[in-house]
Protein chains: 2
Amino acid sequence: MPNNQFKKGELYSFITGKASTAIARRLQKKFNTAGLNITIEQWSVLYHLWKQEGISQQELCNATFRDKPSITRLVDNLEKLNLVKRVASENDRRINLIFLTKQSQKLQEETMALADETLNEALETVPTDKVDICKEVLQIVYDNLK
Amino acid sequence: MPNNQFKKGELYSFITGKASTAIARRLQKKFNTAGLNITIEQWSVLYHLWKQEGISQQELCNATFRDKPSITRLVDNLEKLNLVKRVASENDRRINLIFLTKQSQKLQEETMALADETLNEALETVPTDKVDICKEVLQIVYDNLK
DNA sequence: TTTGGATAGTTGCACAAACAACTATATGCC
DNA sequence: GGCATATAGTTGTTTGTGCAACTATCCAAA
């Protein structure tokens, strides 16, 4: 039994993602308090567009680990909020390229600051080397299952 | 800056819970393949009832980190599937006590085995001591934010 | 004993996720 | 060129989540 670390009673919070749920809720509250009318999921799409805009919905699927219908609807809602714009690709008419609007460009700095703040609150009192190990383990878990 | 471990580009997967999402998806697929017609969320409620049944919906809220409407609907759906039963408390008529049915008692062994299997796949190649540190960090994160 | 506040649970609404089925376009092979 | 197949995106359905507003019950203090 090489990997029998999880006795009963310990597996629950790994599966349910207790910690990441708590982080997401905290960040959502910060968005709401700041009067930012976006969801964490919408923010996660913008996050990748801030790194590079003009990518396809399929590329957003890969980046955000979501399926195509999820991205369709997130982009729908982001478009309603005037935060992104679909532009049909000239080369391949199946593809929508997603671009930021001026409004969403303005959101980057403020939301990133709130995200940093949230993570600092989450990791208060945790030594850096333990955080590094934790990140490493979570990455391996993801790679093992993807 | 005591906790500046998260440079940009690293915070994303912590917030989105990439790893726990992958674990939950894998376990859900195992349930489906085994012909078990329940969701991970429903399973997470049963998980606590297997430890102790006859608890109130509010106690299920605390145990599963969900709000009251979420538990109301999960219990609704579990009742439709004949997996739990609401029984009004004699002492306090506001309270529903939730009990398992024979069907859900049978589910425990099989689903727990699939959950163990999933975690073993997830943690393959991860040394035990790193898993322990990871669990520790995630618990602190949760405590810091709750 | 009444009244006001707390607690348990439900309902409505908006948003999101997973899956299946669908449309439209592109591509490769005959 | 024409057809099979793959790819990009959309739509419908079920399930779950978070918030606000609501009902019912309990409890404690005037």
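Per chain, numbering begins at 1; letters A, B, ... match sequence-line order.
The main-chain N or O of A:I38 is found under 3.5 Å from a side-chain atom of A:Q28 such that the two form a donor-acceptor pair. Not one N or O on the side chain of A:Q108 forms a donor-acceptor pair closer than 3.5 Å with the backbone of A:Q105. Counting only distance, with no hydrogens or angles, the side chain of B:R26 and the backbone of A:L145 share a donor-acceptor pair below 3.5 Å. B:S104 places no side-chain N or O within 3.5 Å of a backbone atom of B:L100 that could act as its donor or acceptor partner. With A:T101 contributing its side chain and A:N82 its backbone, the two residues share a donor-acceptor pair below 3.5 Å. A donor-acceptor pair under 3.5 Å is formed between the side chain of A:N144 and the backbone N or O of B:E124.
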Go along nucleotides 24-29 of chain C 5' to 3' and tag each nucleotide: B for a protein heavy atom under 4.0 Å from its base, S when only backbone or sugar atoms are that close, - otherwise. BBS---

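Going from atom NZ of A:K29 over to atom P of D:dG18 covers 10 Å, rounded to whole Å. Atom CZ of B:F65 and atom C1' of D:dG18 are 17 Å apart (whole Å). Atom pair B:E79:CD and D:dG16:P shows a separation of 14 Å (rounding to whole Å applied). Rounded to whole Å, the distance from CD on A:E59 to P on D:dT7 is 15 Å. For A:I71 and D:dT7, the CD1 to C1' distance is 17 Å, given to the nearest whole Å. Here D:dA8 presents its P atom at 15 Å from CZ of A:R86, a figure rounded to the nearest Å. In this structure, A:K68 atom NZ and D:dG9 atom P are separated by 8 Å, rounded to whole Å. Here the P atom of nucleotide D:dA8 and the CD1 atom of A:I98 are 13 Å apart, to the nearest Å.
Of the N and O atoms on the side chains of A:R66 and A:S44, at least one donor lies less than 3.5 Å from an acceptor on the other residue. Judged by distance alone, the side chains of A:S70 and A:D67 do bring a donor and an acceptor atom under 3.5 Å apart.
In this model, the phosphate group of D:dG16 is approached by a side-chain N or O of B:N77 to a distance below 4.0 Å at OP1 or OP2. The side chain of A:Q57 places an N or O atom within less than 4.0 Å of a non-bridging phosphate oxygen (OP1 or OP2) of D:dT10.
Judged by a 6.0 Å distance limit and a 45° cone about the ring axis, A:K18 is positioned over the six-membered ring of B:Y142.
Here A:L74 lies in heavy-atom contact (under 4.0 Å) with sugar-phosphate atoms only. Counting any heavy atom pair closer than 4.0 Å across all strands shown, B:D67 reaches a base atom.
A:E136 is linked by a salt bridge (charged side-chain N to carboxylate O under 4.0 Å, His left out) to B:K130, counting only residues two or more places apart in sequence or in another chain.
You'll find a donor-acceptor pair under 3.5 Å spanning the side chain of A:R73 and the base of D:dG12, going by distance alone.
Checking A:P69 against B:P69, the closest nucleotide of DNA chain D that is more toward the 5' end is the one next to A:P69. Between A:Q28 and A:V75, the one whose closest nucleotide on DNA chain D sits nearer the 5' end is A:V75.
Nearest nucleotide to the B:S56 side chain, out of C:dA18, C:dG9, D:dT10: C:dG9.
Near-neighbour residues of DNA chain D inside residues 31-44 of chain B, defined by a heavy atom below 4.0 Å, number-ordered: B:T39, B:E41, B:Q42.
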